Amino acid sequence: MKVEELDFVKNYIRITQDAWLKGWHERNGGNFSYRITDEEVKELNGLINENSEYTPIGVSVPNLSNEYFLVTGSGKFLRNVILDPEANIGIAKIDEKGENYKIVWGLINEARPTSEFPSHLMSHSVKKEVTGGKNRVILHSHTTNIIALTFVLPLDSKVFTRELWEMATECPVVFPSGVGIVPWMVPGGAAIAKETSNLMKEFDVVIWAHHGTFVSGESLDLAFGLMDTAEKSAEILVKVLSMGGKRQTITANNFRELAKDFKVELPEKFLY
Ligand code: 13P
Ligand code: ZN
């Protein structure tokens, strides 16, 4: 048995391929991480090498100590993951303190985890805490239409949430807590990681202005589905704006009726 043949790794590779086919991952754009379950870590027994050196993460995530993450490599093309998993993705183990990681499988030839590993890990840390350990996935994609909207709409969570909800009836059910917005920041460091993870306390979708989208979910399917739904909604909005804007739409009261029937709580701040 090889690591690439384990079900959770095969599933991760399929999702990277699906995301590439969506057009969200030009060149090395975007990066994915998955917090591996205890049962799946057992399946890795005998297939990984724990003797590598630790490297500082750059941020501190104590509640992720000793966790294992499947993660894409920095500078690696998502398009190539399916062709050569060991070169383009890897498994990183977090140390006792939650301050360092080591590569125990993959990312061969001195490759490193994504430069957004601090943002991924800080978001995982927050989501592990607020979901009682349920959420295991963070995806970052360069979602074309969401990025386009960040040049046109005010960079305000209330506006983005309401506009995206209005573009497809299922949106408030898929992301009832709404979307958070990080203004343009230099990517790849601790500052943007802190900002993103702060918003992850409230939201499962966090938009990086003029850059892309971070989502969190319980499973790879749910996180991918969330990214897809938000991006499709943005695509509809781009079309609507290109056709001269809305002539009619879903109203705040319509959303209240929807919330009742679908048993979701929609924060009143978005129903202005
Ligand atoms: P990486 O190649 O380091 O994953 O960076 C790509 C990216 O999207 C940065 O935000
Ligand atoms: Zn990016």
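Quick note: numbers below take in every heavy atom, side chains included, and nothing from hydrogens, waters or symmetry partners. What you are looking at is a predicted structure, and each value in this text was computed from that prediction instead of being measured. For the single chain, residues carry numbers from 1 onward in sequence order. Remember, it's 1-based here, ligands and their atoms both numbered in the order they're listed.
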Novice: Identify which protein N/O/S atoms are less than 2.8 Å from the Zn ion (ligand 2).
Specialist: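 N, O, S partners closer than 2.8 Å: His140 NE2, His142 NE2, His211 NE2.
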
Novice: For Pro187 and ligand 1, does the shortest N/O to N/O distance drop below 3.5 Å?
Specialist: no

Novice: Could you give the side-chain donor-acceptor pairs of residues 257-264 under 3.5 Å, partners two or more places apart or in another chain?
Specialist:
none

Novice: How is the hydrophobic cluster of Ile57 composed, in terms of its other members, when Ile, Leu, Val, Met, Phe, Trp and Tyr link through side-chain heavy atoms under 4.5 Å apart, directly or indirectly?
Specialist: Val59, Val61, Leu64, Phe69, Val71, Ile94, Tyr101, Ile103, Leu107, Phe117, Leu121, Met122

Novice: Considering both backbone and side-chain atoms of Gly30, is one of its nitrogen or oxygen atoms within less than 3.5 Å of a nitrogen or oxygen in ligand 1?
Specialist: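 Indeed, backbone or side chain, Gly30 has an N or O that close.
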
Novice: Going by heavy atoms in the side chains, are Tyr68 and Val104 under 4.5 Å from each other?
Specialist: yes

Novice: Report, one line per pair, each donor and acceptor closer than 3.5 Å where one atom sits in a side chain of residues 230-240; sequence neighbours left out.
Specialist:
{"unit_1": "Glu231", "atom_1": "OE1", "unit_2": "Asn145", "atom_2": "N", "d": "3.4"}
{"unit_1": "Glu231", "atom_1": "OE1", "unit_2": "Ile146", "atom_2": "N", "d": "3.0"}
{"unit_1": "Glu231", "atom_1": "OE2", "unit_2": "Thr144", "atom_2": "N", "d": "3.4"}
{"unit_1": "Glu231", "atom_1": "OE2", "unit_2": "Asn145", "atom_2": "N", "d": "2.9"}
{"unit_1": "Glu231", "atom_1": "OE2", "unit_2": "Asn145", "atom_2": "ND2", "d": "2.8"}
{"unit_1": "Ser233", "atom_1": "OG", "unit_2": "Leu164", "atom_2": "O", "d": "2.6"}

Novice: Nearest protein heavy atom to atom 5 (O) of ligand 1, by residue and atom, and its distance?
Specialist: Ser115 OG, 3.4 Å

Novice: At what distance, to the nearest 0.5 angstrom, does OG1 of Thr37 lie from CD of Glu39?
Specialist: 4.5 Å

Novice: Could you tell me whether Arg14 and Asp221 make a salt bridge, using a distance below 4.0 angstrom between a side-chain N and a carboxylate O?
Specialist: yes

Novice: Have Thr72 and Asn31 got a donor and an acceptor in their side chains that come within less than 3.5 Å?
Specialist: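 There is no such pair between these side chains.
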
Novice: I'd like to check which ligand 1 atoms, numbered from 1 as shown, lie under 4.0 Å from a non-hydrogen atom of His211.
Specialist: 10 (O)

